[in-house]
Amino acid sequence: MPTFDTGLISRIQQANDIVDVIGEHLALKRKGREMVGLCPFHDDHRPSFNVNPGKQIFKCFACGAGGDVVKFIQMRENLSFPQALHRLADRAGIKVEPLRPQHAQHTTQDETDPNDLARVNVWAAKFFAANLANPEKGKDARKYVAERQISDESVKKWQIGLALGSGSDLLAAARQKKIPDRLLTAAGLVVGSSLSDKFVNRLMFTIADVTGRVIGFGGRTLTGDPASPKGFAEASDAKYINSPTTILFDKSNSLFGLDHARHQIASSDTAVVVEGYTDCIMAHQFGATNVVATLGTSFTAGHARILRRYAKRVVLLFDSDTAGIEAANRALQVALASRIDIAMANVPEGKDPCDFLLAKGKEPFERVIENATDVFQFKWDRLVANLGAQSTIAGKKQAVDEYLDAVAIAISAGNLSHIERGLYINRISSIVAIDAKDINEELNRRIGRTKTASAYSGAADDSHTPLDLGEVLSANAQREILEVLLAEPLLFDDVKEKISPEDFDVPALNKTAQAIFRTLPVKPQAGVQDICGFVEESNLAGLIIKLEDDSQKKGNFKKRLDDALRALLQERQKTQSVVKPGDEKLRCPGQDRRVVGMT
Ligand SMILES: [Zn+2]
């Protein structure tokens, strides 16, 4: 276990305000002295996630997650403790020595530090941008950019660049910079056993995560465009390609532009999702800044889960006529599984959103979004149109059948509560003009009896606390002492001579005690954030936050400490002295090991 300079940890904590950092990952609303939002660590239906700006900690009341800013990043981005420290040091521009030698032997791809990948990606983004800006090399690509009316400002904002045509251009430049081949491969910038550039002769779009960290790239072919030079013989190439899946990048869980759009998404409570990079960029260029793009995939439940943390409503904006019944079915399932309102819209006049914006401007674009149709209605409208169902009774019956089939499939996947289901049924009833009771019966028949009401109860959310505190007799006293020290660190003077971490024999409490006994001698007024900074396990941080929180509610610190201390010392004496036969029944079996050889 690497140890870290405590000064460095607290410098990193201080430079990364927890509200700012967490606010990048979910929308936080003020509630009294705290900020609340939907927990990113469990399937949250009400805001259970609290951030305390004063203490610089977070806590989820439903799943028990909790900790300081380092713990949040550790859990959220699946990083180790040292990696999370590095990530936040980078974020704040603090220079930190590498934790292990860069030239470590036997490093496999799995061991690649995500921070290293992000740094390579930043370098690559700059490299691509320099190509595009190069008066000679970037000339034709810039002509294409100008024809698409992407402004210079947008080129800069979105870090648009150019991959040249040689096939080893990036590789050669990286090697010159002494960037190891294995990092280039792990980042997906270089591919194949003979190592060649992944992106060749393409206009490059830089893909960032919600925090602005560069996680991957998308490249649009320049071959076959009037603007491109002749001679690049890859006509069969896909129009768009993305970075492969890496430890940083997974396209079905990433949205292009979210780093630029999240503020407006949160304040408008609506996220608009388009299909292309240029559609997204053009929307922002025209001032519609709540727009993001999927990365060559359809809109998934993963996307919905991300957006749900910022907004209640998603508008899927499709190119003209690409949104058919299939798209509606998928969106229905995502809506019900993710409990987010989805509306759908098509850009009129055979255009994509980018062309439409250029031709008509911002206001008509916003009107298209405002007039988006709720996905339930959208699906119905399409069915009716396809089946000509309005005209005949048989047609209508067929439409209703198909409609309810689709809804039933979506409901089965959605794990909805009874109340939620009732709300949807009312909505469906008003769309197809059939009584809600009949709809309910029809749906039940379709869903079948496999899923009983209990499966929908949602009670699974209230999961157990992450660590079992055990029921050992002295555990209560141990817990009480730690609670008090977390809430009132200055009382440490009363205990430091009398007990040590060894007196805490419940594993989780022992670890907590170690952190407290290490921190308080060097930082007498240490807050819960400082103690958390000392522990590497996120579930332990959750426990520490909970102990402190419970303690504040109880108050009365001095008296509680004295009582608990007395109880613990008595218990210690009892187990260390000769045990009389009559005492046997007072002890718990788990404590017998302390009296081995004494009876
Ligand atoms: Zn939670």
Side-chain angles (χ1 to χ4, degrees), residues 16-81 84 87-88 209-211 253 258 262 266 301-312 337-340 414-417 419-420 455-469 486 508 512 528-529 531-533 535-553:
N16 289 281
D17 185 83
I18 197 161
V19 176
D20 293 345
V21 171
I22 293 181
E24 290 172 351
H25 294 264
L26 51 134
L28 290 170
K29 295 211 167 76
R30 185 162 283 285
K31 189 181 165 196
R33 265 183 297 180
E34 304 209 320
M35 314 283 288
V36 297
L38 288 177
C39 177
F41 302 120
H42 79 278
D43 189 15
D44 201 4
H45 301 285
R46 63 188 72 90
S48 313
F49 191 85
N50 283 48
V51 180
N52 185 319
K55 290 180 185 165
Q56 289 287 305
I57 54 167
F58 71 93
K59 174 175 174 52
C60 172
F61 289 103
C63 73
D68 62 329
V69 68
V70 184
K71 237 29 110 249
F72 180 83
I73 289 299
Q74 221 175 308
M75 293 165 71
R76 185 78 191 94
E77 295 182 359
N78 212 359
L79 300 177
S80 69
F81 182 68
R87 167 94 168 89
L88 288 170
D209 71 5
V210 65
T211 70
N253 282 302
L258 188 56
R262 68 182 163 81
H303 297 133
R305 268 194 297 275
I306 296 169
L307 292 176
R308 206 165 65 103
R309 291 185 210 119
Y310 306 94
K312 288 201 181 69
S338 319
R339 296 172 178 80
I340 191 165
N415 269 338
L416 299 178
S417 72
I419 294 173
E420 287 167 325
Y456 294 119
S457 71
D461 276 0
D462 302 316
S463 53
H464 51 84
T465 49
L467 284 167
D468 182 11
L469 291 176
L486 286 167
T512 306
V528 69
Q529 175 194 206
I531 316 274
C532 275
V535 304
E536 298 196 12
E537 301 95 326
S538 51
N539 58 351
L540 191 58
L543 174 69
I544 289 171
I545 299 292
K546 177 169 169 46
L547 291 175
E548 196 263 351
D549 192 51
D550 290 350
S551 185
Q552 294 289 2
K553 283 179 196 143

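All ligand and atom numbering here is 1-based and tracks the order in the structure. By convention here, the first residue in the shown sequence is residue 1. Nothing here was measured: the structure is a model prediction, and the numbers come from that model. Only this structure's heavy atoms are used, side chains among them; waters, hydrogens and symmetry mates stay out.
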T512 side chain to A508 backbone, donor-acceptor under 3.5 Å: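 Yes, the answer is positive, given that a donor and an acceptor are paired below the 3.5 Å cut-off.
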
Judged by atom type as modelled, is there a donor-acceptor pair below 3.5 Å linking the side chain of D44 to the main-chain atoms of C39?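 Side chain of D44 to backbone of C39, a donor-acceptor pair under 3.5 Å: yes, one is there.
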
Indicate yes or no: does D43 engage R308 in a salt bridge with an N to O separation below 4.0 Å.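 Counted as a salt bridge, because a side-chain N and a carboxylate O are separated by less than 4.0 Å.
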
Under 3.5 Å, sequence neighbours excluded: what are the donor-acceptor pairs made by side chains of residues 59-73?
from: D68; atom 1: OD1; to: K71; atom 2: N; distance (Å): 3.2
from: D68; atom 1: OD2; to: Q13; atom 2: NE2; distance (Å): 2.8
from: K71; atom 1: NZ; to: C532; atom 2: O; distance (Å): 3.3
from: K71; atom 1: NZ; to: V535; atom 2: O; distance (Å): 2.7

Regarding R87 and T211, is there a side-chain donor-to-acceptor distance under 3.5 Å anywhere? yes

Checking D549 against K553 for the side chain to side chain contact (heavy atoms under 4.5 Å, CB included) test, could you report, in this order, the C-alpha distance in whole Å, the side-chain angles of both residues, the deciding distance, and whether it holds? CA-CA 7 Å; D549 192 51; K553 283 179 196 143; 3.1 Å; yes

Could you enumerate the protein N, O or S atoms under 2.8 Å from the Zn ion (ligand 1), written like residue then atom name?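 Only C39 SG, H42 ND1, C60 SG, C63 SG fall inside 2.8 Å of the Zn ion (ligand 1).
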
